[in-house]
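Have a look at the structure below before the remarks.
One-based numbering, in listed order, for ligands and for the atoms of each. We use all heavy atoms of the structure for the numbers below, so side chains are in, but hydrogens, waters and symmetry mates are not. What you see is a predicted model; the values in this text were computed from it and never measured.
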Amino acid sequence: MGSIVLFGPPGAGKGTQAQRIMEYTHLPQVSTGDMLRAAVKAGTAIGLEAKSYMDRGALVPDDVILGLIKERIEEDDAANGVMFDGFPRTIPQAEALSQLTEITHVLAIDVPDERIVERICGRSTCGTCGTVFHDVFNPVPEDGCGCSQYVEKRRADDTESTVLTRLGAYHEQTSPLASWYEERGLFHRVDGDRAIDEITTDLLNVLQ
Ligand code: AMP
């Protein structure tokens, strides 16, 4: 078994789909964004270095990210592979990753730019269980999210101005990875501008 990469612009639904696909693949979700946010919150040296990049929507330097990833995939639960969410984001990251673990599928969730701002600016997560919601497209049920204690969390970088910088970083630094993975026969594209369930079905079809 190898690892899977979930690929796509910010707000494409990578985290939402990772949580759903996990039920079938049983591969743990490895989100570099979540790891960095945890480092910022804990006030570690990595967190302090990453924060200024994240606040303005720029990519954190490759060496910082690769340090985190190398440690993470050494953990026991990563022995059969993982599902990367938001990583790799540059060609050097993908090149380094190819030396560390086998990638079997790159699942690209396609969403047009004009839909990204509305998707990101309405999103929230439950601080207890991590389930992702959207004010309009996927609202929190009236009786909460179903976990022990629903706590609404919104990301500091989910603002309109930061989203535009993040989208710029995606087009300049991350989207060239699509052809890099296409050349290696690993790239699968699904239309992400549809109902959440339909996207999950397509992604699972690719994996079967
Ligand atoms: P995300 O949660 O994936 O949207 O990531 C939030 C922020 O963390 C990004 O805007 C970047 O500043 C940083 N980040 C996350 N993953 C990476 C990565 N693989 N390479 C560089 N920066 C990253």
Side-chain angles (χ1 to χ4, degrees), residues 3-19 21-22 28-73 78 82-101 103 106-109 111 113 115-127 130-134 153-178 180-181 192:
S3 293
I4 296 169
V5 171
L6 281 163
F7 185 85
K14 301 185 291 294
T16 302
Q17 296 297 338
Q19 288 174 346
I21 295 173
M22 206 152 49
Q29 175 187 7
V30 172
S31 155
T32 40
D34 285 349
M35 293 165 78
L36 291 167
R37 279 184 288 279
V40 170
K41 200 171 167 198
T44 65
I46 286 180
L48 289 177
E49 182 177 357
K51 188 174 185 310
S52 63
Y53 296 95
M54 296 169 77
D55 283 348
R56 63 176 196 272
L59 293 189
V60 172
D62 291 337
D63 57 334
V64 175
I65 300 291
L66 289 167
L68 283 175
I69 287 290
K70 280 181 191 157
E71 245 181 54
R72 179 65 186 86
I73 63 176
V82 303
M83 201 157 36
F84 292 109
D85 161 9
F87 172 85
R89 264 188 158 86
T90 63
I91 302 245
Q93 288 180 19
E95 280 170 346
L97 178 62
S98 68
Q99 304 297 312
L100 296 173
T101 181
I103 300 298
V106 176
L107 304 174
I109 307 177
V111 175
D113 280 7
R115 303 275 285 139
I116 299 291
V117 173
E118 61 181 9
R119 284 173 71 137
I120 287 196
C121 292
R123 78 176 172 181
S124 63
T125 51
C126 168
T131 306
V132 186
F133 296 103
H134 187 282
K153 237 171 85 176
R154 291 191 191 253
R155 277 171 51 172
D157 62 345
D158 277 353
T159 61
E160 191 160 341
S161 65
T162 312
V163 171
L164 296 179
T165 312
R166 286 157 65 195
L167 203 48
Y170 172 76
H171 285 300
E172 277 168 36
Q173 294 165 274
T174 307
S175 64
L177 272 177
W180 197 89
Y181 278 120

Is it the side chain, the backbone, both or neither of Val60 that has a heavy atom closer than 4.0 Å to ligand 1?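 Within the 4.0 Å criterion, Val60 contacts ligand 1 through backbone and side-chain atoms alike.
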Side chain, backbone, both or neither: which applies to Lys14 and ligand 1 if a contact is any heavy-atom pair less than 4.0 Å apart?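 Near ligand 1, Lys14 shows nothing, with every heavy atom at 4.0 Å or more.
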Considering the heavy atoms of Ile65, write down every atom of ligand 1 situated less than 4.0 Å from one of them.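 Answer, ordered by atom number: 17 (C), 18 (C), 19 (N), 20 (N), 21 (C), 22 (N), 23 (C).
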Please indicate whether any nitrogen or oxygen in [X] is less than 3.5 Å from any nitrogen or oxygen in ligand 1.
| X | result |
| --- | --- |
| Gly86 | yes |
| Asp157 | no |
| Thr32 | yes |
| Gly57 | no |

Judged by atom type as modelled, is there a donor-acceptor pair below 3.5 Å linking the side chain of Thr162 to the main-chain atoms of Gly57?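 Here the side-chain-to-backbone pair does not exist.
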May I ask you to decide if Gly8's main-chain N or O and Lys14's side chain share a donor-acceptor pair within less than 3.5 Å?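 Yes; at least one donor-acceptor contact below 3.5 Å.
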So which protein heavy atom does atom 3 (O) of ligand 1 come closest to, and at what separation?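 Residue, atom and distance for the closest contact: Arg89 NH1, 3.0 Å.
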Can you tell me the protein heavy atom closest to atom 20 (N) of ligand 1 and the distance?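 Scanning the protein heavy atoms, the shortest distance from atom 20 (N) of ligand 1 goes to Gln93 NE2, 3.0 Å.
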Go through the steps to decide whether Asp158 and Arg166 satisfy the test salt bridge (charged side-chain N to carboxylate O under 4.0 Å, His left out), and finish with yes or no. CA-CA 10 Å; Asp158 277 353; Arg166 286 157 65 195; 3.1 Å; yes
What distance separates Ile21 CD1 from Leu6 CG, expressed to the nearest 0.5 Å?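 The CG atom of Leu6 is 5.0 Å from CD1 of Ile21, to the nearest 0.5 Å.
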So, for Arg119 and Val111, which heavy atoms are closest and what is the spacing to 0.1 Å?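 It is NH1-CG2, 3.7 Å.
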